[in-house]
Amino acid sequence: MQKALLKWNGQEAEFPVLEGTEGEMAIDFTKLRQQVGLVSFDPGYGNTASCKSAITFIDGEKGILKYRGIPIEELAEKATFLETAYLLIWGKLPEPAELKGFLRQITAHTLLHEDVKRFYTGFPKDAHPMAVCSAVVAALSAFYPELLDPRGAEAEHGAIIRLLAKFPTIAAFSYKHSIGQPFIYPDNKLDYTSNFLRMMFATPCEDYRPDPVAARTLDLLLILHADHEQNCSTSTVRLVGSSLSNLFASISAGINALWGPLHGGANQKVLEMLESIEKGGGSVEAFVEKAKSKNDTARLMGFGHRVYKNYDPRAKIIRKACYEVLNKLGVRTKLLEIAVKLEEIALKDDYFLSRRLYPNVDFYSGIIYQALEIPINMFTVLFAMGRLPGWIAHWDELQKDPDFKIGRPRQIFVGPTGKHYLPIGQRKQ
Ligand code: SDX
């Protein structure tokens, strides 16, 4: 075991250096405060490993992403989303009988309890669907009290199946509520993404057949969003789960963290950005200058990443799929041309190159969602649908972690000192 030596204030202390299976190294600071009376300071945790994990590996320098050791490119080409969900959660690709049983369980639980429908009527029509989905997911804990024990294998399995099975229904119902249309119940003869598309776009008045190209494209996007190691929302799910909060409550917290425009909310912001460039006469160069300017709050949404300092491998796959899907669906849009032009200009500009800012998963995904006629305020809901198995896998890994402890970071206090209570009469007016 390698060691790191810390010299401080006339003291010396050695700390073990851990090595991961892909060669990443970390100083084990679990005894730092105890040994030298110091804490580490790392706002945003850019240099801090919160756990050991066997789920997803990212090499940000080389633009590599693997789920349980399998490259994302192979899964994108050959797997289905539910197969990938099984891989992430249970650590292996399912054998035929396992996959059959898993699909049967998912199909058997797509319906929502009839009382859950009443939650939707309480929301205003223009409520953002992320608010609705996080509320309804948290509410499931009230409908399945027998599935709340994070340490009960049966309970946990039951909660996992219900979340994966019901999330498309919850999401589609939030859209139907927002447009005042009747809820379309799941059709258990359909596959996962076809079922979702039907619940989104069918009406009781006419037949609706989901387009197989659209269903397969959605399945691909869900695979690409399925996990991404310790990102903001996954770390949120882990932190909430570390207090032994139930899975429904932990996932609801993850949905809320994902909603932010710096995280999963970026896919909606990218499309709004592309549409504003198109409406404003399409000057891409002018927008890039705004995104670079410190005096302007504009950012090139969908660009940059805390870990990838190279092209996000997911963005590469989605960019290629854009052309194929728009072509197959016969969709014409200027937004793809604008996005490609933005990328071209940015990747020749020293501002982006020097900061190693490349397209991330959100840069092109919205163009495909729009081609599938998904409304823009549902984009981040689809990100959550994709990320659900990743959140579940990390929550489960945490509960079984031999290093398990409640998450509770330290701080450096920089507030006032030596103050005393002043009676109200002595306080300055
Ligand atoms: C996701 O963590 C994950 O894995 C997330 C995710 C997942 O799958 O879970 O990959 C999904 O959230 C992707 C990211 C989606 N967000 C966006 O596209 C929003 C735009 N991007 C940025 O806000 C930013 O790049 C972040 C939030 C993604 C990363 O932020 P960091 O790592 O904290 O970097 P930073 O904000 O400190 O930026 C470093 C520099 C700054 O300039 P200087 O202070 O050095 O002068 O780069 C600049 C930033 O101003 N910068 C950008 C920029 N992103 C960073 N400038 C213009 N446009 C941008 N998009």
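Counting convention: from 1, in listed order, for ligands and their atoms alike.
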Enumerate the atoms of ligand 1 whose separation from the nearest heavy atom of Ala291 is less than 4.0 angstrom.
57 (C)
Would Glu74 and Lys66 pass as an ion pair if we require N to O under 4.0 Å?
no
Where on Asn360 is there a heavy atom closer than 4.0 Å to ligand 1, on the side chain, on the backbone, on both, or on neither?
side chain
Look at atom 22 (C) of ligand 1 and find which of Arg356, Arg387, Arg299 reaches it with the closest heavy atom.
Arg299
Which atoms of ligand 1 are found less than 4.0 Å from any heavy atom of Lys294?
42 (O), 43 (P), 44 (O), 46 (O), 50 (O)
May I ask you to test the Lys52-Glu397 pair for a side-chain heavy-atom distance under 4.5 Å?
no
Give me the ring orientation class for Tyr308 and His228: parallel if the planes are under 30° apart, tilted from 30 to 60°, perpendicular past 60°.
tilted
Please check atom 36 (O) of ligand 1 for a protein heavy-atom neighbour under 4.0 Å.
yes
For the residue pair Phe383 and His263, categorise the inter-ring angle as parallel (less than 30°), tilted (30 to 60°) or perpendicular (more than 60°).
perpendicular
Just jot down the ligand 1 atoms closer than 4.0 angstrom to any heavy atom of Arg355, in number order.
40 (C), 42 (O), 43 (P), 45 (O), 46 (O), 47 (O), 48 (C)
What orientation do Phe379 and Tyr369 show, parallel under 30°, tilted 30 to 60°, or perpendicular over 60°?
tilted
Atom 51 (N) of ligand 1: of Asn231, Leu258, Leu357, the nearest heavy atom sits on Leu357
Within a distance under 4.0 Å of any heavy atom of Tyr351, pick out the atoms of ligand 1 and give their elements.
48 (C), 50 (O), 52 (C), 56 (N), 57 (C)
Indicate yes or no: does Lys400 engage Glu156 in a salt bridge with an N to O separation below 4.0 Å.
yes
Taking the side chain as C-beta and beyond, is there a heavy-atom pair between Arg33 and Leu38 under 4.5 Å?
no
Within a distance of under 4.0 Å, is there any protein heavy atom near atom 39 (C) of ligand 1?
no
Please could you name the atoms of ligand 1 that Ala266 approaches to less than 4.0 Å, counting only its heavy atoms?
15 (C), 16 (N), 17 (C), 18 (O)
Short check: is a protein heavy atom less than 4.0 Å from atom 26 (C) of ligand 1?
no
Which atoms of ligand 1 have any heavy atom of Gly302 under 4.0 Å away?
17 (C), 18 (O)
Selected option - heavy-atom contact closest to atom 21 (N) of ligand 1, from Tyr308, Phe303, Phe352
Phe303
Does Ser293 reach the main-chain N or O of Lys290 with its side chain, forming a donor-acceptor pair under 3.5 Å?
no
